[in-house]
> 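Dropping a structure here in structure tokens format, bear with me for questions.
FYI, the numbering just counts along the sequence from 1. Counting starts at 1 for both ligands and their atoms, in listed order. What you see below is based on every heavy atom in this structure, not just the backbone, and it leaves out hydrogens, waters and symmetry mates.
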Amino acid sequence: MVTNLEIAGAMTVKLDPALPEMPDFMPGIRRAPDRGFRLTRAQAKIALKNALRYVPESLHEELAPEFLNELLTRGRIYAYRYRPPGRIYAKPIDQYKSKCIAGKAFQVMIDNNLDFEVALYPYELVTYGETGSVCQNWLQYRLIKKYLEALTEEQTLVVMSGHPLGLFPSRPEAPRVIITNGLMVGLYDNQDDWEIAAQMGVASYGQMTAGGWMYIGPQGIVHGTFNTLLNAGRLKLQIPAGGDLEGRLFVSSGLGGMSGAQAKAVEIAGGVGVIAEVDGSRIQTRLNQGWVSRATADPAEAFRLAGEALQQKKPLSIAYHGNVVDLLEYIVSRELRVDLLSDQTSCHAPYDGGYCPQGLTFAERTRLLAEDRAAFRKLVDRSLRRHFELIKILVDRGSYFFDYGNSFMKAVFDAGVKEISKNGRDEKDGFIWPSYVEDIMGPELFDYGYGPFRWVCLSGKPEDLAKTDRAAMSCIDPDRRSQDRDNYIWVRDAQKHDLVVGSQARILYQDAAGRVRIALKFNEMVRRGEIGPVMIGRDHHDVSGTDSPFRETANIKDGSNVMADMAAQCYAGNAARGMNLVALHNGGGVGIGKAVNGGFGLVLDGSGRVDETIKSALLWDVTCGVARRAWARNENSLSTGIEFNSEYEGTGQITLPYLVKDELIDTVTGPLL
Ligand SMILES: NC(=O)c1ccc[n+]([C@@H]2O[C@H](COP(=O)([O-])OP(=O)(O)OC[C@H]3O[C@@H](n4cnc5c(N)ncnc54)[C@H](O)[C@@H]3O)[C@@H](O)[C@H]2O)c1
């Protein structure tokens, strides 16, 4: 029988044998709700053993009851005691220890994801999206940091659902870190089984950039929301190309991690927004950051302010402190005109607290969630049904409603509204209203390869960010396409809009060629010593990397929207081409079993090797998705594919589909089907 002494002796990288002091919880920091203990006795025993296997036997007696208490009262073992005391934030890269630059860089990224200013529930390691976590608990956090400190150019750290499996010999060209989160065997790939696995300490919900360590605060989504709103206006409100949302009203909900971008984005797009939010603390955060301009708990006041701004054609964002369903009741009863309508509550996890039902305050929601989940579920369903009815009325009156990637329509369907599905039976044919990807982002951006490219100046210096902004601008030709003009204006004005929360980061939608050009330019600047090292990456919400039929791949119409081949290929291809970090997750954005998504990280260190990685890996990362979209006969990606084949003739080629005439298919199938 192997002894604990032998086990301790067999590891050099391990947690210290000393018991850390229990840290104080800072008042005013948002805390995750109790996730509801639901393990059997046998499972709970395994969960305890699972948590205790990170620490030496000498600590087991003391920690076992403490961990059990966490499991029973919070529905998870977070091992709070192991949270390092004080503030966690993205420090300048040279303040971190490691044997390689990527090892330091990933510590910057992880710490940014856990910053009180950035993260949704920092004590519970949740970065955004109600449940999106860096890893499961503070034991894993500490161990991951130790491994990153020890990491060399000849090793790869493997992280499975937050658990650092170990350091494995590899090569400098291989990824330094490979992450997977929440991947489940098909039979168990559902929320209920995942919940049990999470409580047992073997599954983590990485969302996208939370568990992929690439979150850059709500700025990450402002650019996407800005693009979506602008293009929605141009497509549906007859605003000419180049025009903005002046004099137009947008109504939505959510001022949380990602949804917090809506208010800022509508102002940048020149429009007026009223955004409902039930949690006062999140409104306060956005007010403090200047991401929302006004706040009121009185709908009449909200619409008085909105009306004035609309009349004066001035941009304005207003937070309505209350439930979005109540806000819509007010709009419907007063017959107010709404141009663009959406929702960004965390409907990917409505029964876990992501959606606050009508009739409950935020505090009541948290209490009921802990006390009676079945009753909570009933209220959520009732509220979603009413929410649906109100949107239907507004759509009939001329509002353009779009699902904004939070699985809202799926949640309404699951609440019993079959009418929201196109075939009135199941979700296979989609829903009656478009998702923003179907109507806007898919055809206008993804099909051309435009997606949320991002970078972080690891020196932590605002001057470096300003230099990279200018350099990125010089790589864009604003006269090429309207998308390029929007992107050029975005990065030109980015500093003015004061978008940085946490690390010195920028998001900039770019196509494949643009991303390569910009990354090469930055790497050259690092080489010349003009700026410190830069981390490049992207949101998983992109052209490729993510198979998500209710979101990113909602405009894939050849039947392959139920497949996850693209996400897996993108991830493997990025690893093969030398990205420093590759991540693959279950469920990001829409919930377990509903998506597979992946992303990457690459540290620009000024080296020639990184130049080569940029040229092959960044190109692959985007083109994989364009090729798949082209094969699905998406018109704009067909033209992007033709351009690619001409540019890369002899070195690369996308298989393009021959187009089949509908009349022929109708004639052939007519007598038989
Ligand atoms: N479209 C995109 O590009 C995109 C990107 C990221 C995330 N998302 C999705 O958007 C959703 C929100 O993400 P997030 O990170 O902001 O999550 P979050 O949980 O931080 O924020 C959601 C907010 O909605 C509020 N809320 C819940 N129910 C409400 C109600 N009935 N009325 C008013 N406010 C209510 C919550 O208090 C919370 O602040 C998630 O489902 C996420 O997956 C979409």
> Report yes if some N/O of Gly254 lies less than 3.5 Å from some N/O of ligand 1; otherwise report no.
no
> What residue and heavy atom of the protein are closest to atom 37 (O) of ligand 1, and at what distance?
Glu277 OE2, 2.5 Å
> Considering only heavy atoms of Ile221, which atoms of ligand 1 have at least one such atom less than 4.0 Å away?
2 (C), 3 (O), 4 (C), 5 (C)
> Salt bridge or not between Glu277 and Arg286? Use side-chain N to carboxylate O under 4.0 Å.
no
> Considering the heavy atoms of Gly322, write down every atom of ligand 1 situated less than 4.0 Å from one of them.
33 (C)
> Polar-atom distance check: Gly589 versus ligand 1, any N or O pair below 3.5 Å?
yes
> Checking a contact table here: which protein heavy atom is nearest atom 31 (N) of ligand 1, and how many Å away?
Cys356 O, 2.8 Å
> Taking Glu195 first and then Arg35, would you say they form a salt bridge - that is, a charged N and a carboxylate O separated by under 4.0 Å?
no
> Which pair of heavy atoms, one from Ile507 and one from Pro452, lies closest together, and at what distance?
CD1-CB, 3.6 Å
> With side chain to side chain donor-acceptor pair (under 3.5 Å) as the test, pick out the partner of Asn586 among Asp189, Asn181, Asn597.
Asp189
> Using 4.0 Å as the upper bound for N to carboxylate O, is an ion pair formed by Glu364 and Arg367?
no
> Please list, in number order, the atoms of ligand 1 under 4.0 Å from a heavy atom of Ala276.
33 (C), 34 (N)
> Side chain of Tyr128, backbone of Pro218: donor and acceptor closer than 3.5 Å?
no
> Got the closest protein heavy atom to atom 32 (N) of ligand 1, with its distance?
Val324 N, 3.0 Å
> Distance to 0.1 Å, residue and atom name: give those for the protein heavy atom nearest to atom 41 (O) of ligand 1.
His348 ND1, 2.7 Å
> I'd like to check whether Arg282 has a polar contact with ligand 1, where a contact means an N/O of the residue lying under 3.5 Å from an N/O of the ligand.
yes
> If I apply the N/O under 3.5 Å rule, does Tyr355 come out as touching ligand 1?
no
> Looking at Lys392 and Glu419, is any side-chain nitrogen of the basic one under 4.0 Å from a carboxylate oxygen of the acidic one?
yes
> Under 3.5 Å between any N/O of Tyr128 and any N/O of ligand 1: does that happen in this structure?
no
> Give yes if a backbone or side-chain nitrogen or oxygen of Gly129 is under 3.5 Å from a nitrogen or oxygen of ligand 1, and no if not.
yes
> Return the residue, atom name and 0.1 Å-rounded distance of the protein heavy atom closest to atom 8 (N) of ligand 1.
Arg551 NH1, 3.3 Å
> So which of Gly354, Ser346, Gly220 gets nearest to atom 27 (C) of ligand 1, if we judge by its closest heavy atom?
Gly354
> Taking Gln262 for the side chain and Thr225 for the main chain, is one N or O donor matched with an acceptor at less than 3.5 Å?
no
> How far is atom 29 (C) of ligand 1 from the closest protein heavy atom, and which atom is that?
Thr345 CG2, 3.3 Å
> Counting heavy atoms only, which of Glu552, Met258, Met208 comes nearest to atom 7 (C) of ligand 1?
Met258
> Any nitrogen or oxygen of Gly257, side chain or backbone, less than 3.5 Å from one on ligand 1?
yes
> Examine the proximity of ligand 1 to Thr225 and report which part, side chain or backbone, both or neither, has a heavy atom under 4.0 Å away.
neither
> Under 4.0 Å between a Lys/Arg side-chain N and an Asp/Glu carboxylate O for Asp279 and Arg30?
no
> For Tyr509 and Trp490, I'd like to know if the aromatic rings sit close, meaning centre-to-centre distance below 6.0 Å.
no
> For ligand 1, which atoms, with element, lie under 4.0 Å from some heavy atom of Cys347?
41 (O)
> How far is atom 1 (N) of ligand 1 from its nearest protein heavy atom, and which residue and atom is that?
Tyr404 O, 2.8 Å
> For atom 34 (N) of ligand 1, what's the nearest protein heavy atom and its distance?
Val278 N, 3.4 Å
> Could you check whether Arg31 makes a cation-pi contact with Phe25, meaning its NZ or CZ is under 6.0 Å from the centre of the six-membered ring and within 45° of the ring axis?
yes
